[in-house]
Novice: 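Here you go, one structure.
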Amino acid sequence: MMRRSLHALTLLMLLAGLLLTPGAVAAQNYSFSVPAMRMQVLLQADGTARVIYDIAFRNSAGGHPIDIVDIGMPHDDYNIGNMRASINGVSLSNIRPSTYIDTGVEVHLAQQTIPSGGSGTLRFEFTIADLVYQDTTDESYASFQITPTWFDSGAITGRTDLWIIVYTLPGIEPDEVLYQDEPFTNKVIYAASDGDRVAVGWHYPEARLTGAHRVGVSFPQRGMSNIVRMTRLQLVSKWLEDNPNVHGVLLAVFLLIFTILFFRFTGGTGASLYIPLLIFLIILGINAPIVVLLGFLPLVGLVALNERALRKRTTKYLPPIAQVEGGGIKRGLSAPEAAVLLEMPLNKVLTLVIFGLLEKGILQQVQPDPLTVQPALSFVTRADAELTKDRNKRIKFRRRAAQEAGTVIHNYEQAFLDIIERNPEKPLESLDFGGAMRTLLQETANKMKGFDLSDTRDYYRRIIARAWEQAQALGEVPAREEFLDKYFPWVVMNDSYPTVLTMGGYHYWPRWARRVPLSGAGGARGFAPAGSGRSGTGGRTTFGDVSASFAGWAEKTMGGMAAAILPGSLQGPRGSKGLVNLSGIDRVTGDIFEAMASSSGSGGSGGGGSGCACACAGCACACACAGGGR
């Protein structure tokens, strides 16, 4: 049988954010007003507080009799033995722990129940410890905050004349008593039996008792033998507990950052591990809000470290190499292969491949911006249907053509030629060279088998540095041009190569660029004939400055090549977008649930009708079958 009662809700909130448990919601047929309420708090030297409520109830006509009042306590460490209650001067003896609120008591009005249309004033007194705290702004001050009772908005009607009065200890001057946030309405000296006390009050003549009316006071610690001292960390924790909206937003942001970190770290794998971790963090964050706040800085730091590691990892693209320490140096690598070994940017590697094919005459430039090329006539295979279908025959055909042209064609270059020939008249930056680049990476790794990777890298770094230094030292144009014709790709591999190609008014053009028209950034077109490398001399048409020189065009072209290597196109079977791959855990978890589903579905059907028959797999139906009727 349901007991109907009025639950008066009392919240005592301290500076530390002491949250008082709200009272139970009044039944729907309660309807009353509180014309006046007065709450007095007498602070004691031992840090306790004597709280006195005077609550005037006026029950509505037809409203349910007010037979029980539930009053919340500031914390669980209360003593019913020091509580006193009366109504209209008649003492009430039945006070017990509330069965409707988590932390509080219930006062049974018994014979003094307020009937429909009736009225009565309830006085409730209690003493409770640990309500005075260390002030956070002044170490010599103490602090106290409180908010009086409020009621369910569906039960209470009208306005209330509300007074909140706090009495400090004797011996404190009025000027020493300070308000917190809400200014005092009155500040007077009250002559008490133990000496003059400063009484401060807040008056709300038209209060709506459907929410908190928090007030606070700070005063010197003189005369206090005990106050609650809390660290700033504890104060922040209590503040978060008392501000659930702020706590909720912080927790949501924390979980969002954690989610981003987790899936960036795992490359989108590990969902089966993420879900229990998320549940654990939600439970931890709800019950220990300070953990959320303290975890923000480390979490953001981990995100930064993870992103840094991911950026660094994108420059590490070599597949595993079966190297042998002390196995010697692998000589004879081409410039693109050496660039791969040094893990230079992939767009630079691709540019070296294309420039190499242009230099050997295997490719011809169709358009400079954006760079568009086509196979030289003697290397075209699309005209022959048999060559188009058979890759091995295409490879042999191109090798013979290269031999007849007095040059060589590397195995890895065949894949690039196939892509270019399948996409005639298309700019290189619009093509996908991911597969061809993957072939180049793997072949380079295979060539390093049995050699020392570190020594080989140092060897090619020295070649690149020496090529740049020698080109820089050559002052005569013919000598410099002759040197660059021979070692052009190795010079370009140095990050400072533009300073060599455009030094002192000199603009170097590779041999293949001298034979074709180039267009500058300003739209000018002209031929680059062999001969003088001086700008504006010897009949050579140049771009006029570094940004419009061959070096500037090469930089722009190299940047555009990045679009020709699609993200993830170099990821092999072992690839992972994150730093770790937890797909194995996902597969194991999936296998377990699949086995459970198979086991669940293999049972025979029963003939009775009272059992739980769920038409779903595994455990997902358990909650739908649980429970019973009322």
Side-chain angles (χ1 to χ4, degrees), residues 9-22 37-53 72-75 128-150 160 162-190 197-209 211-224 226-247 289-290 293:
L9 313 178
T10 302
L11 273 175
L12 296 177
M13 186 165 284
L14 310 175
L15 175 66
L18 186 61
L19 178 64
L20 299 187
T21 306
M37 174 189 289
R38 182 173 64 179
M39 183 180 70
Q40 302 179 77
V41 181
L42 287 83
L43 301 178
Q44 309 298 318
D46 60 359
T48 61
R50 183 69 180 170
V51 182
I52 304 172
Y53 274 103
M73 293 291 105
H75 51 69
I128 191 163
D130 297 333
L131 296 185
V132 181
Y133 284 74
Q134 166 73 52
D135 193 279
T136 58
T137 61
D138 188 333
E139 292 184 358
S140 66
Y141 266 59
S143 175
F144 177 79
Q145 285 192 1
I146 194 168
T147 180
T149 298
W150 71 78
T160 300
L162 172 64
W163 270 99
I164 306 169
I165 305 170
V166 177
Y167 300 88
T168 65
L169 293 181
I172 295 177
E173 298 298 325
D175 291 343
E176 295 178 305
V177 182
L178 309 175
Y179 67 84
Q180 300 175 12
D181 299 327
E182 187 73 20
F184 303 133
T185 303
N186 286 323
K187 182 193 292 186
V188 299
I189 296 178
Y190 172 75
R197 291 173 176 253
V198 176
V200 294
W202 295 264
H203 186 209
Y204 302 92
E206 295 289 331
R208 282 285 294 162
L209 290 185
H213 291 77
R214 184 189 305 180
V215 297
V217 58
S218 296
F219 51 90
Q221 295 182 17
R222 289 196 308 273
M224 298 291 300
N226 178 53
I227 62 172
V228 179
R229 300 186 183 276
M230 300 183 73
T231 65
R232 292 187 183 275
L233 198 62
Q234 290 172 316
L235 289 173
V236 171
S237 178
K238 298 300 286 183
W239 179 79
L240 287 175
E241 291 175 4
D242 296 340
N243 293 271
N245 291 336
V246 177
H247 177 200
I290 193 63
L293 195 62

Novice: Show me the pairs that pass salt bridge (Lys or Arg N to Asp or Glu O under 4.0 Å) and involve residues 197-207, at least two apart or across chains.
Specialist: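 Only D194-R197 qualify under salt bridge (Lys or Arg N to Asp or Glu O under 4.0 Å).
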
Novice: Please list, chain by chain and in numerical order, all residues satisfying ring pair (Phe, Tyr, Trp, His ring centres under 6.0 Å) with H247, sequence neighbours excluded.
Specialist: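 Expected list: none.
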
Novice: Applying salt bridge (Lys or Arg N to Asp or Glu O under 4.0 Å), name anything that partners E173, two or more places apart in sequence or on another chain.
Specialist: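 E173 satisfies salt bridge (Lys or Arg N to Asp or Glu O under 4.0 Å) with no residue once adjacent residues are dropped.
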
Novice: Identify, with sequence neighbours excluded, every residue that meets side-chain hydrogen bond (donor to acceptor under 3.5 Å, both in side chains) alongside Y204.
Specialist: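 Once residues adjacent in sequence are excluded, Y204 has no partner under the side-chain hydrogen bond (donor to acceptor under 3.5 Å, both in side chains) criterion.
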
Novice: Would you please name every residue forming a side chain to side chain contact (heavy atoms under 4.5 Å, CB included) with A129, sequence neighbours left out?
Specialist: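 With sequence neighbours excluded, A129 shows a side chain to side chain contact (heavy atoms under 4.5 Å, CB included) to T48, given in chain and number order.
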
Novice: Quick one: list whatever passes side-chain hydrogen bond (donor to acceptor under 3.5 Å, both in side chains) with Q40, sequence neighbours left out.
Specialist: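 Result, side-chain hydrogen bond (donor to acceptor under 3.5 Å, both in side chains) vs Q40: Y167.
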
Novice: Please identify each residue that fulfils side-chain hydrogen bond (donor to acceptor under 3.5 Å, both in side chains) with R38, with sequence neighbours left out.
Specialist: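 For R38 there are no side-chain hydrogen bond (donor to acceptor under 3.5 Å, both in side chains) partners, ignoring immediate neighbours.
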
Novice: Sequence neighbours left out, what passes side chain to side chain contact (heavy atoms under 4.5 Å, CB included) with V188? Give chain and number order.
Specialist: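 Once residues adjacent in sequence are excluded, the partners of V188 under the side chain to side chain contact (heavy atoms under 4.5 Å, CB included) criterion are A199.
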
Novice: For E176, what residues pass the side-chain hydrogen bond (donor to acceptor under 3.5 Å, both in side chains) criterion, not counting sequence neighbours?
Specialist: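 Testing E176 for side-chain hydrogen bond (donor to acceptor under 3.5 Å, both in side chains), a comparison that skips the adjacent residues, returns R222.
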
Novice: For N226, check side chain to side chain contact (heavy atoms under 4.5 Å, CB included) against everything at least two apart and list the hits.
Specialist: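 Scan of N226 (side chain to side chain contact (heavy atoms under 4.5 Å, CB included), adjacent residues dropped) gives D130.
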
Novice: Using the test salt bridge (Lys or Arg N to Asp or Glu O under 4.0 Å), find all partners of R208 that sit at least two apart in sequence or belong to another chain.
Specialist: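 R208 satisfies salt bridge (Lys or Arg N to Asp or Glu O under 4.0 Å) with no other residue.
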
Novice: Y141: what forms a ring pair (Phe, Tyr, Trp, His ring centres under 6.0 Å) with it, not counting sequence neighbours?
Specialist: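 In terms of ring pair (Phe, Tyr, Trp, His ring centres under 6.0 Å), with neighbours along the sequence ignored, Y141 is linked to no residue.
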
